[in-house]
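Take a look at the structure below.
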Protein chains: 2
Amino acid sequence: MIRVLLADDETMIRAGVRAILAADPEIEVVAEAGDGREAIDLTLAHRPDVVLLDIRMPRLDGLAAIAELRRTAPGTGVLMLTTFGEDEYIARALGEGASGFLLKTGDPRELLAGIRAVAEGAAYLSPKVAHRVITELTGGRMSRTAAAREQIADLTPRERDVLVLVGAGLSNAQIARRLHLVEGTVKAHVSAILTRLGARNRVQAAILAYEAGLVDPAASGS
Amino acid sequence: MIRVLLADDETMIRAGVRAILAADPEIEVVAEAGDGREAIDLTLAHRPDVVLLDIRMPRLDGLAAIAELRRTAPGTGVLMLTTFGEDEYIARALGEGASGFLLKTGDPRELLAGIRAVAEGAAYLSPKVAHRVITELTGGRMSRTAAAREQIADLTPRERDVLVLVGAGLSNAQIARRLHLVEGTVKAHVSAILTRLGARNRVQAAILAYEAGLVDPAASGS
DNA sequence: GGGTTCCTCCCCCGTGCGGGGGAGGGGGTT
DNA sequence: AACCCCCTCCCCCGCACGGGGGAGGAACCC
């Protein structure tokens, strides 16, 4: 028997999910919450196997609730419920410790499959977002990264050297010392970089470098 | 009916998987391959819904096979089979386009659940590796992101507003117009941001904002 | 009431940034 | 040979940036 807690501020959604889950004899909804705070309290009281968590909720939103749930009830699986188009939260939610993602627009069978998977400790991503999420997670931000890489590809090698250091937050003088150049030369390179990348200032160039994966984050501090 | 292709160089594994899948009336093993090359040829010939792919195989290993499968048979779901301890391949396999991961030491029900999930287009990660993989994937930048988030957390709300625009590459004057402020006020905020974040210039602040997920990439161009 | 923090705005001032243009040498291609 | 691109360095110049310090009003807490 899989015990489920259902947290969503929209009662219609709760009713729908409850109806779907009622059809499965192995799944039992033990409690329902209307906001994040309540979801945490009821989780501690009922100790469900899986918490279905809406991302947007009053008082304490789903994203913040995950972190607290992972601390206070580490054995409980967290499955996020989301509306199509809220992709930007997915990576963060997974980072906070969510085990899966379901689209509210998805097939009822996905809901059951997702709950089963999470109850066993597995991770489950809803079909329509699975590929996007994986490429985003593994790629760093693949869609943007691709564009950034293309732009950076037609920089000269030396310009890329300079761009890396720009991306680390170094001044032209610091870059000059690092590359054994005169500051004027660095300025010339930076100007060339800006025009080639279509960036208006070094901050935008730095962001592009960062998106393309040129920046070694460990070096950002030095 | 879910059509499955089974690719593994060890016949014992194939026999075991076949036995498990035989118990499920909805799943049919349409072909078996002993190496990666064969797996690709048979996939093109039989067009299965899901390919179960061992990571280590002769001729063409599983990792290389994924990439080719994604190109030649994009509609086919790829589910990796792995022995415990091969974690380092997981991230790369997912990056290549695999939809899931199963441990050979796992419960038979995981195998069935994973195949069903992947057949529907969802992603499935085996229980014992799910958490590690997610933390590793998000962790690539999560470790830094966590630090960046903490630093940014103790900015005032208004300072975060400014930082977002700094991260988009806007000048102080542009930020002032956007926020209906005088440029001097923006400069005061930026100065405060730099000292609080320990950044030496706005580029480093922008990188921190970017790492913390504050920057909306769509806005970077304006 | 006094205290704090935040937000807003003001001053001055030094310097780093970014655009303009030019110039020389080296390494390619045609 | 002539050509083009890359890398290096030089000049000037205007402006944006970043640090310093101060100040008033609003909101909060003790």
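Here is the naming used below: chain letters follow the sequence lines, and residue numbers restart at 1 for every chain.
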Note: for B:A173 and A:H189 on DNA chain D, the residue whose nearest nucleotide lies more 5' is A:H189
Measure from CD on A:E159 to P on D:dC5 and round the result to the nearest Å. 13 Å
For C:dC17, does OP1 or OP2 lie under 4.0 Å from any side-chain N or O of A:N172? yes
If I take atom CD in residue A:E183 and atom P in nucleotide C:dG18, what distance separates them, rounded to the nearest angstrom? 11 Å
Whole-Å gap separating P (C:dC10) and CG (B:L181): 11 Å
If you look at every strand shown and take non-hydrogen atoms under 4.0 Å, does A:T156 touch a base, only sugar-phosphate, or nothing? sugar-phosphate
Would you say A:T185 places a side-chain N or O within less than 4.0 Å of OP1 or OP2 belonging to D:dC9? yes
Closer than 3.5 angstrom, by distance alone: can the side chain of A:D41 be matched with the main-chain N or O of A:L44 as a donor-acceptor pair? no
Say whether, by atom type as modelled, one donor and one acceptor occur between the side chain of A:E159 and the main chain of A:L155 under 3.5 angstrom. no
When rounded to whole Å, the CD to C1' distance for the pair B:Q174 and D:dA16 reads 11 Å
For the backbone of A:L6 and the side chain of A:R18, can you confirm whether one donor and one acceptor N or O come within less than 3.5 Å of each other? no
Result for side-chain hydrogen bond (donor to acceptor under 3.5 Å, both in side chains) between B:N172 and one of B:E183, B:R202, B:K187 points to B:R202
Does A:Q174 reach the main-chain N or O of A:L170 with its side chain, forming a donor-acceptor pair under 3.5 Å? no
What does A:R196 touch in the nucleic acid at a heavy-atom separation under 4.0 angstrom: a base, only the sugar-phosphate, or nothing? sugar-phosphate
Would you mind reading off the distance between B:N201 atom CG and C:dG14 atom P, rounded to a whole angstrom? 21 Å
Send over the distance from A:I193 CD1 to D:dC7 C1', rounded to a whole Å. 13 Å
Look for any protein N or O under 3.5 Å of an N or O in nucleotides 27-30 of chain C and output each such pair with its distance, or none.
none

Between A:I175 (CD1) and C:dG18 (C1'), how many Å, whole number? 13 Å
Would you confirm whether A:D49, through its side chain, and A:R3, through its main-chain N or O, come within 3.5 Å as a donor-acceptor pair? yes
Whether the side chain of B:R70 engages the backbone of B:T76 through a donor-acceptor N/O pair (distance < 3.5 Å, no angle test) should be reported. yes
Sub-3.5 Å pairs of nitrogen or oxygen atoms, protein against nucleotides 19-26 of chain D:
none

Base, sugar-phosphate, or nothing: which does B:S171 touch, judged by heavy atoms less than 4.0 Å apart? sugar-phosphate
Should the pair A:E26-A:R116 be classified as a salt bridge under the 4.0 Å nitrogen-to-oxygen rule? yes
Under 3.5 Å donor-acceptor, B:R200 side chain and A:G169 backbone: no
Whole angstrom value for the distance that separates C1' of C:dC6 from CG of B:L179: 15 Å
